[in-house]
Visitor: 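Below is the structure I would like to discuss, written out as structure tokens.
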Amino acid sequence: MHPIARAIANRIANRIAYPIARFAFAFALVLALGLTSAPVGAQTTPGSMLESATEPAATETAATPANGDALAPEQIAARLETARADAQRVDRRRTTATTRELGHLDRMSAALEELIGLLEDQKELASERLEATAATDSATGEAPSAFALDRLLDEIDSLDAEATRSRDLVEATRAGLERARARVRETESALRQQRTAAETATGSAASADAARALELAELAARTAREQQRLLEMQLAKLRPASVPEASEASLRADVAAMRQALGRGEGDASAGFENLAELESELARRLESKRRDLASIDLRVKAAENQYASRTPSDPSLLAVVEALAAKRDTIRHEIELLQIEAAEVEAQTAVWRDWQALLSKRLEEADRADVATRTRDRLETLDQSLLRAGVRLAERERALASVSKRLDRLPKDSSLRPILREHRDALKLLVRHEGEVRERMAADRRTVRRLADDLEGSAREIGPLELARRVGRAIRDVWRYEIFAVEDQSITIGSLVLAILLISIGAQLSRIGAKSLRGFAERRFSLDAGVAHALQNLSFYVLLTSFALFALRLIHFPLTAFTVIGGALAIGIGFGSQNVMNNFISGLILMLERPVRAQDVVEVDGNHGTIERIGARSTQIRSTDGRHIVVPNSFFLESNVVNWTLSDDLIRTSVGVGVAYGSDTRLVERLIRQVVTELEGVLQDPTPIILFQEFGDNSLNFEVHFWVLARAPMQMRRVASQVRFRIDDLFREHGVVIAFPQRDVHLDTTRPIEVRMVDGTDADDT
């Protein structure tokens, strides 16, 4: 035979003939098993389960498909009802069973319970599959918007995560399915052997034992088949990797189509923003309700505190009630804080949605793109920090809930604290759940903000070189034409100002060169000396520079009348900057006119004595008594306290004090002091000196004399006072008046002799 024909024949045999032969062999085997199992029912007892269990089992074997999607939940429910009926039949048989049969019934009951559990799991999986299919079939198209795009991207992320998880679970489920199929083969082989043993059994006892073993083998086979069926359904639910990939490809196509539609200005995001507004309203209502709850719990806390304070002696149970109510109040406060945080997050996220919608709809201006990017980065950082804080808060709330639950479990049943702790526990449960919801919403918000940031970066990368050059050119042109100010309907822009500065800089260089050339020419032509030539150079430089500056300003249409405005502005600026100088200048004029201080006056300024030497336009120079020069601003004399010793005359009153010993003739002391102030030339007799007996001191009789002197400086006054003291000392010595000094009186008890004791040198040294 030709090689090509032989190859074709082999391929046809492999594809068609061999599968047909295998199918025929399997069909014949199943038919043979069905025929051999038919007489079994005749060998069982009237109450045996084989009448209802054997035939359905054979039917299940033939009807169970290779995949896990053929049976509907109704079929699984019928099989579940059959298994439950079998279990009820086993329970009824217990009432008439012998002791020998009870163990067999217990094993059958356990096997049926396992079978019922497997069937219930299958029913649940089938229902979930139908619900998922119905949800997929009922999905309708949604108007393009940032909200719809975000949901599609969430589905893609979910599919990616599901694909990763499914790859791991599929491998594990496949391994378990292989083991379940091996178990099915083992149980079916054992079932066939048990059927053969039941057919060949002789005697009533042996037939009964064989029937019981056959029942258990049948249940084991059914259980193994249901276990295989369950694993097949789980494997079908997990889906191969190609199914998520196909769905993800479809979703990505939908995302691309939605982005294109949004770019064309299609779609409507009003529904999404209405949902956000409703959420804000709902949060406001919940916040108001929690505030009312807080006011109520505050009243309860105050009432409990008053009740505890009124009890004498104090009741520990009432203290526990107060603490529990206070803890619940803190929980409500935490809930209020959480609602406020959530409301702020919703408000901030609304701005993110608006920015994203504007970006997707091509309505975001280029000038606003940088601001949106900055807000997006700030929002990402804020959400990262908020998520960290939310995690910490959630952990704290969970610990508090565990603590309250343990405390509630330890309380006696009749404790009055249990209702309050239950309220606190329920409030904490709500707070923990709310905290988790807020954290999940923050995570979703962060995903949305991250997508906005990615779209911003992608739109920036999409700009081509030509478009980038055009944008840079437009930006430079806008900056060049930016109007700084306008004078007489003439716009002064950044470009004209830069051009004027450039022309003036060039004019300055030309002016310097021209002035230098003019100096050289003048020196050669007129033989000028160096000083005159230098002055001519400076003058010509300033003239040329001014000419070039005026020409440059005129060239850019800068109105020269603007200098009046600039001059006024400079005058105002100089006025503000020199206000202290003007203040001192005006103060100097006032000092010269009013003359509160004059030249050669003796003044005291900040504790310094001195003579005014000169009153200038801005300051006054003072020569202190120790030779220092003090410069004082003129305004100081008008704004501060200044002592002028010689404003109207040179009269200064001073005083001298002296103390004499107790027992002195006070009238003599008065006459001597009056003699002193009368005889000295520096002491004025008009006004008359005044002598005062001041006080009886601790150690002296104190006198004081007040008198006037002519002095233009404190030193002259002190010199006269010194002369008075010298003369008083002389006269007191002549008349025997003792000037007192500090002294102490020592009193001795003379009622008995004073004890005197002689000691030697050794004792003295020791003491």
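FYI, side chains are in, hydrogens and waters are out, and symmetry mates aren't considered; it's all heavy atoms of this structure. Just so you know, residue 1 is the first one in the sequence shown, and it goes up from there.
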Visitor: Does anything in residues 497-507 form a side chain to side chain donor-acceptor pair (under 3.5 Å)? List the pairs, not counting sequence neighbours.
Guide: none

Visitor: Under the salt bridge (Lys or Arg N to Asp or Glu O under 4.0 Å) test, which residues partner Arg623, sequence neighbours left out?
Guide: Glu613

Visitor: Identify, with sequence neighbours excluded, every residue that meets side-chain contact (heavy atoms from CB on, under 4.5 Å) alongside Val720.
Guide: Val683, Phe707, Val709

Visitor: Restricting to ring pair (Phe, Tyr, Trp, His ring centres under 6.0 Å), what partner residues turn up for Phe703, sequence neighbours left out?
Guide: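 Scan of Phe703 (ring pair (Phe, Tyr, Trp, His ring centres under 6.0 Å), adjacent residues dropped) gives Phe693.
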
Visitor: With sequence neighbours left out, write down each residue that passes salt bridge (Lys or Arg N to Asp or Glu O under 4.0 Å) with Arg525, or none if nothing qualifies.
Guide: none

Visitor: Please enumerate all residues that pass side chain to side chain donor-acceptor pair (under 3.5 Å) together with Arg292, with sequence neighbours excluded.
Guide: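 Once residues adjacent in sequence are excluded, Arg292 has no partner under the side chain to side chain donor-acceptor pair (under 3.5 Å) criterion.
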
Visitor: If a pair satisfies salt bridge (Lys or Arg N to Asp or Glu O under 4.0 Å) and one of its residues is in residues 380-391, list it, with sequence neighbours excluded.
Guide: Asp384-Arg446

Visitor: Mind checking side chain to side chain donor-acceptor pair (under 3.5 Å) for Arg379 and listing every partner two or more places apart, or none if nothing turns up?
Guide: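 Listed in chain order: Glu345, Gln349.
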
Visitor: Do any pairs count as a side chain to side chain donor-acceptor pair (under 3.5 Å) and have a residue in residues 332-342, sequence neighbours left out, and if so which ones?
Guide: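 Every side chain to side chain donor-acceptor pair (under 3.5 Å) pair that includes a residue of residues 332-342, provided the two are not neighbours, is Glu335-His434, Glu342-His434, Glu342-Arg441.
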
Visitor: Tell me, please, which residues at least two apart from Thr376 pass side chain to side chain donor-acceptor pair (under 3.5 Å).
Guide: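 If we apply the side chain to side chain donor-acceptor pair (under 3.5 Å) test to Thr376, skipping adjacent residues, there are no hits.
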
Visitor: List for me each residue that meets side-chain contact (heavy atoms from CB on, under 4.5 Å) alongside Phe726, sequence neighbours excluded, and say none if there are none.
Guide: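 Counting only residues at least two positions away or on another chain, Phe726 forms a side-chain contact (heavy atoms from CB on, under 4.5 Å) with Ser722.
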
Visitor: Restricting to side chain to side chain donor-acceptor pair (under 3.5 Å), what partner residues turn up for Asp730, sequence neighbours left out?
Guide: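 With neighbours one apart ignored, the set is empty.
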
